[in-house]
Visitor: 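Here it is: the structure, laid out below.
Here the structure is a predicted model, which is why all the values come from computation and not from measurement.
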Amino acid sequence: QVQPVESGGGLVQPGGSLRLSCEASSSIFSINAMGWYRQAPGKQRELVADISSNGRSGGSTNYGDFVKGRFTISRDNAKNTVNLQMNSLKPEDTAVYYCKIYACSDSTCYQYWGQGTQVTVTS
């Protein structure tokens, strides 16, 4: 099974913090990038943050404009794990957060999605 496993979602007040974690399958030989997307009910899925996990992908990070400065993405290549530290949370951050793994084998690339973890920000 290559589906990523997410954890860390929950219920917090505005201004609070959460830390999301995602572990990719150890069977994946090469992971080019790992990241987080989110989707609220009836809304489009949007990028939260993405980070490269090997030299092929360039070793860079990307953030959605709406979270930059509040969220921080990090990785552990040895554990095939990506984390998202979420600070200063706002009600509009409420969504299901999905982990995405982008992996390439030779010239063929695949993307794998986690089942999602709920983040709810409310007063």
Side-chain angles (χ1 to χ4, degrees):
Q1 175 61 263
V2 296
Q3 184 177 34
V5 179
E6 302 135 323
S7 63
L11 176 67
V12 296
Q13 295 183 353
S17 298
L18 285 173
R19 184 175 177 85
L20 306 183
S21 295
C22 172
E23 183 178 3
S25 172
S26 60
S27 67
I28 300 176
F29 174 74
S30 179
I31 298 176
N32 294 75
M34 311 174 77
W36 292 93
Y37 290 72
R38 71 185 188 186
Q39 186 170 20
K43 306 286 186 173
Q44 291 272 61
R45 185 177 61 189
E46 60 187 352
L47 172 70
V48 178
D50 201 354
I51 185 170
S52 62
S53 54
N54 59 34
R56 185 182 296 272
S57 55
S60 62
T61 59
N62 293 292
Y63 293 91
D65 289 339
F66 53 92
V67 299
K68 193 170 185 178
R70 299 187 295 125
F71 296 1
T72 303
I73 190 168
S74 61
R75 58 169 169 78
D76 185 335
N77 288 336
K79 298 179 180 179
N80 281 2
T81 299
V82 62
N83 302 302
L84 183 69
Q85 179 65 47
M86 310 167 66
N87 299 323
S88 302
L89 285 162
K90 305 174 181 179
E92 52 263 43
D93 294 320
T94 296
V96 177
Y97 284 68
Y98 296 92
C99 178
K100 177 185 176 181
I101 308 298
Y102 188 74
C104 297
S105 178
D106 296 321
S107 62
T108 303
C109 298
Y110 304 88
Q111 57 185 14
Y112 306 97
W113 293 90
Q115 82 287 348
T117 184
Q118 178 70 47
V119 172
T120 302
V121 185
T122 181
S123 60

Visitor: Supply the atom-to-atom distance I73 CD1 to M34 CE, rounded to the nearest 0.5 angstrom.
Guide: 8.5 Å
Visitor: Does the side-chain contact (heavy atoms from CB on, under 4.5 Å) test come out yes or no for S21 and S7, once each step is laid out?
Guide: CA-CA 5 Å; S21 295; S7 63; 3.8 Å; yes
Visitor: Measure the CD1-CG distance between I101 and N32 for me, rounded to the nearest 0.5 Å.
Guide: 11.0 Å
Visitor: Which residues satisfy the side-chain contact (heavy atoms from CB on, under 4.5 Å) test with E6, sequence neighbours excluded?
Guide: C22, W36, Y98, C99, Q115, T117
Visitor: How far does CG of N80 sit from CZ of R75, to the nearest 0.5 angstrom?
Guide: 11.5 Å
Visitor: Tell me whether the count of non-hydrogen atoms from other residues, nucleotides or ligands lying under 6.0 Å of CD in Q13 goes above 12.
Guide: no
Visitor: Linking I/L/V/M/F/W/Y whenever any side-chain heavy atoms sit under 4.5 Å apart, do I51 and L84 land together?
Guide: yes
Visitor: With distance as the sole test, does R19 use its side chain to make a donor-acceptor pair with the main-chain N or O of G8 at under 3.5 Å?
Guide: no
Visitor: Examine Y112 and V48 and state if one hydrophobic cluster contains both, with Ile, Leu, Val, Met, Phe, Trp and Tyr joined whenever side-chain heavy atoms are less than 4.5 Å apart.
Guide: yes
Visitor: Nearest 0.5 Å, please: how far is OG1 in T72 from CE in M86?
Guide: 11.0 Å
Visitor: Salt bridge (Lys or Arg N to Asp or Glu O under 4.0 Å) between K100 and D50: does it pass, once the steps are laid out?
Guide: CA-CA 9 Å; K100 177 185 176 181; D50 201 354; 5.8 Å; no
Visitor: Taking atom types as modelled, is there a side-chain donor on S27 or S25 under 3.5 Å from an acceptor on the other?
Guide: yes
Visitor: Give, for atom OG1 of T81 and atom CD of E23, the distance between the pair rounded to the nearest 0.5 Å.
Guide: 4.5 Å
Visitor: Do you reckon V12 sits in the same ILVMFWY cluster as V67, going by side-chain contacts under 4.5 Å, direct or chained?
Guide: yes
Visitor: Treat each ILVMFWY residue as a node, draw an edge where side-chain heavy atoms are under 4.5 Å apart, and state whether V96 and V121 are in one component.
Guide: no
Visitor: In terms of hydrophobic clusters joined by side-chain contacts under 4.5 Å, are L20 and F66 together?
Guide: yes
